[in-house]
Each structure stands twice: as structure tokens, then as C-alpha cells.
There are 2 protein chains.
Amino acid sequence: MASSNYPKGLAKREEILTAALAIVAERGYNRATIRELAEAAGLSKTGLLHHFGTKEELFAEILRRRDVVDEAQIERATSAGLDPKISDLPRLSSGVPGLVQLYTRFSAEATDPEHTAHDFFRERYERARERSRAVLEKFRAEGRLPASVDPEQAATALVALLDGLQIQWLYDSSIDMAAEVAFFLAQLGLDSPASE
Amino acid sequence: MASSNYPKGLAKREEILTAALAIVAERGYNRATIRELAEAAGLSKTGLLHHFGTKEELFAEILRRRDVVDEAQIERATSAGLDPKISDLPRLSSGVPGLVQLYTRFSAEATDPEHTAHDFFRERYERARERSRAVLEKFRAEGRLPASVDPEQAATALVALLDGLQIQWLYDSSIDMAAEVAFFLAQLGLDSPASE
DNA sequence: GTCTATACAAAGATAGAC
DNA sequence: GTCTATCTTTGTATAGAC
């Protein structure tokens, strides 16, 4: 997907992504046109398109990175002996309103089967469900989750809940996403030990 | 909002909305340009824009109608002595994939505070939460819902769940929205009598 | 490989004639 | 109330300079 691995190209790609993220965060998705993004990164539109073939690819790359950062954070917490604090999920990247908006709008647009990022999101949702299911299954095996709860069904609901909460939060920032996720997990009967 | 109340204008508006809905349902949101919508309704682009100032207003009107139809259906069921079958919610208009896509994409776009339909959705979400809360509260008063469940918190989660499920369903139609909602309600401890 | 300038198609919106 | 014509802005493709 990347057009090159040369040092200069890589550095410029970083610069573009950073600038793009800042634009999206500050002025919103609508104002994030390739002209604006190019200008912010200090090159022409076509210069930007040399590195990222299309606008969609650029945004997909931003979200891909968000996922990498989030997963690394979860990984670190897990290997440190902590339980993955699922109720913290919405706090990970969601502190950045621009990122949440980008994710929400882009995932909605890519709903179109012919959208470039359609497969990206389809697979992403599959992975999200699968990972959530694995965690819930582990909890169930440890006796922390009632056997009556179907991990697969719960995982799908959890992923849906996160998406839906982000939308509502974009319309009303008083929505407490973390509290809602905690509520959901409590309803599942998840025994959460000393969650600070 | 409407440009006129003359019989001819009203009839044309109906025709436009019906045609627009068909286009969206059949060819998706992206292909639903005002040119295409105008063509389908048998007039020019500007002819269409005379009736609906902008594309956004047209779509907002379609969704407004979806809500009216859905609410009427719920109202009818309720006054017939039936409980509002919340788990049937995703089945109401959601049988029509085009409508679900329209709703999902439009609600994501209107996330931008400067979008014409922003206030429409903000208020719509408020109403949705409020109505869900009222129903859950009623159930709790009837002893069908554990007193430990906070109706407000549960209402927000329910609305979020519905939105999130629709997104996932658009990527994978094997997602069973009704089953997921039923699962959620069961986890709340809702005592659902003879749900057929 | 990296980039700029030019050119173009399609979108939504507006002005003014009929 | 409806249309033609025009305007602006979007994203993208092409040609070619360094």
C-alpha cells in the first residue's frame, strides 16, 4: 500500500499523517479536504496523493494506526498482569474527539460495499468480535462470568455498544461511555475485581 | 421547512420522497445524488431543490417519516394491549437495507455540529433515550425489571446497542439484531412474558 | 522517488428567465 | 412553480520537472 520505503518518503508519510490527524481533530472531518491536508503537510495536493493514492487510503491508515496504538496499550496492560479493563476501552483513543468523529463517519461511509475501505472495516469488526469473545471466554473459564452468558452473543453486543455510545457521545458529550460499558459488563454478571 | 402547502406542491413532494426512498434502497446512499433523485422523480435538479432546499433536508424528511411510521406501529401495538416489544425494534424499518444505510450514514455525517441535521439528530437521540427510559421504568414499576437496574443508564445502552448493531449488520448481514437485543434485555433481567 | 502544475468530471448550490 | 445556465468545490488523472 505504501509507495516506497525510502527514508525520505517514510518521513514525509509520517509528517502527512500527523498533520492530517491534527486537522481532523481541530476542524473536523468535513474540512479535512485533501487540499487542506496537503497544505498542512507542506506540499501540493498531488504531492500528497503520491504518498497515499486516495483520500480514503489516508484515512484508513490513520485508523489502522489508532488500532495499533490501542492494541499495544491493551497488550502492555495485560502482560503487566492486569486484566484487560474492557470498561476503559472507550477511553483509549476516544479522548480525541476528532478521531472518534473520523472513525464514526468513515465506518459509516464504508458501509457501501463498493467503498475502498469496506473490506477493511468488515475484517476489523470480525476481529473486534473475535477478540472480545476470547476475553469473555477466558473470564468464563475463570469463573468470573456466569456460564449462562454466551460469549459470542455478548461480544457482538459489546462491540455494538461501543460504536453506538461514540455516536451519542458526539451529539452529547455528557454521555459517560465508560460508565455505560461498566454497566453492561455488570449486567452480564462479570465479577470485576478491584476496578479502580 | 416545506416550500409550499399548495396541493400540487404537496403531491410533488410526496412523489419526490417516494422516488428518493426507492433510489436509496436500490442503489445505495452514494448513488443517491440530487441529479439521480430528480431524474427518478421526473424533474430537473433545481426543480427538486425548489421543494427541498438542500439534499440534507430531503434526507432528514425521509428519516422523519420513518420515525413517524415506526412510532405509529409501536403505538398501535401498545394500545392493543401488547407490550412494546423492544426486541422487535430493529425489525421495524430495518428490514429495508437502504433505509438502514441512509440512517447510519446520515447520522454519522450530522455528527458535525455545523451540519444542517445536527440538531435534528441530537434531539432525536434525546427522545429515543427518554422513551426507552420511560418504558423500562414502567417495567420496573410492574416488577418485571429488577430494581437494581438504572433505567436511564440502560436506556442509553439500548439506544447505542441498536445503532451499533445496524452498523455491524451492514457489514455482515448474518448479525442477528433481534437476537442481540433480546439477549441484552435478558441480561437486564427483564421478565419477558410469552414473547412469540 | 518525490513532487508541481494543469486539466477534468461530478457534486451541490444559486440567479434569474419563463 | 419550474427550468436553463452558471458557479464553486470536491476528488482524481495525466504530464513532466527535479
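In the text below, chain A, chain B and the rest are named by the order of the sequence lines, each starting its count at 1.
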Undergrad: Counting only non-hydrogen atoms, which of residues 18-35 of chain B are less than 4.0 Å from DNA chain D?
TA: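 Contacts with DNA chain D under 4.0 Å: none.
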Undergrad: Scan for side chain to side chain donor-acceptor pair (under 3.5 Å) pairs involving residues 175-190 of chain A, sequence neighbours excluded, and state none if there are none.
TA: none
Undergrad: Who passes ring pair (Phe, Tyr, Trp, His ring centres under 6.0 Å) against A/Tyr29, sequence neighbours left out?
TA: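 Here the qualifying residues are A/Phe59.
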Undergrad: Please report the distance, rounded to the nearest Å, between CG in A/Leu49 and P in C/dA7.
TA: 18 Å
Undergrad: Checking B/Arg27 now: which residues fulfil salt bridge (charged side-chain N to carboxylate O under 4.0 Å, His left out) with it, not counting sequence neighbours?
TA: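 Residues passing salt bridge (charged side-chain N to carboxylate O under 4.0 Å, His left out) with B/Arg27: B/Glu36.
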Undergrad: Round to a whole Å and report the spacing from NZ of B/Lys55 to C1' of D/dT10.
TA: 13 Å
Undergrad: Decide, yes or no, whether a salt bridge links A/Glu61 with A/Arg64 under the criterion of side-chain N to carboxylate O below 4.0 Å.
TA: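 A salt bridge links A/Glu61 with A/Arg64.
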Undergrad: Going by the rule salt bridge (charged side-chain N to carboxylate O under 4.0 Å, His left out), which residues pair with B/Glu123 if we only count those two or more places apart in sequence or in a different chain?
TA: none
Undergrad: Return the value, rounded to whole Å, for the distance between atom CD of B/Glu39 and atom P of C/dA10.
TA: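 Distance, rounded to whole Å: 13 Å.
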Undergrad: Starting at atom CZ of B/Phe52, determine the distance to atom P of C/dG12, rounded to an integer number of angstrom.
TA: 15 Å
Undergrad: Using whole Å, report how far CD of A/Glu109 lies from P of D/dG11.
TA: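 From A/Glu109 CD to D/dG11 P: 11 Å.
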Undergrad: I'd like a table of donor-acceptor pairs (distance under 3.5 Å, sequence neighbours excluded) in which one partner is a side-chain atom from residues 145-155 of chain B, with atom names and distances.
TA:
residue: B/Asp150; atom: OD1; partner: B/Glu152; partner atom: N; Å: 3.1

Undergrad: To the nearest Å, give me how far apart CZ (B/Arg13) and P (D/dG1) are.
TA: 11 Å
Undergrad: Applying ring pair (Phe, Tyr, Trp, His ring centres under 6.0 Å), can you list everything that pairs with B/Tyr125, at least two apart in sequence or on another chain?
TA: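 Ring pair (Phe, Tyr, Trp, His ring centres under 6.0 Å) list for B/Tyr125, sorted by chain: A/Tyr171.
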Undergrad: Show your working on salt bridge (charged side-chain N to carboxylate O under 4.0 Å, His left out) between B/Glu15 and B/Lys12 and close with a plain yes or no.
TA: CA-CA 5 Å; B/Glu15 203 180 325; B/Lys12 199 62 187 175; 3.6 Å; yes
Undergrad: Nearest-Å distance, CZ (B/Phe59) to P (C/dA11)?
TA: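 To the nearest whole Å, that distance equals 12 Å.
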Undergrad: Using atom CG of A/Leu37 as one end and atom C1' of D/dT10 as the other, report the distance to the nearest whole Å.
TA: 13 Å
Undergrad: Regarding B/Glu36, tell me which of base, sugar-phosphate or nothing describes its non-hydrogen contacts under 4.0 Å with the strands shown.
TA: nothing
Undergrad: With sequence neighbours left out, write down each residue that passes salt bridge (charged side-chain N to carboxylate O under 4.0 Å, His left out) with B/Arg131, or none if nothing qualifies.
TA: B/Glu71
Undergrad: What pairs of nitrogen or oxygen atoms, one from the protein and one from nucleotides 2-5 of chain D, lie under 3.5 Å apart?
TA:
residue: D/dT2; atom: OP2; partner: B/His51; partner atom: NE2; Å: 2.4
residue: D/dC3; atom: OP2; partner: B/Ser44; partner atom: N; Å: 3.4
residue: D/dC3; atom: OP2; partner: B/Ser44; partner atom: OG; Å: 3.4
residue: D/dT4; atom: O4; partner: B/Thr46; partner atom: OG1; Å: 3.0

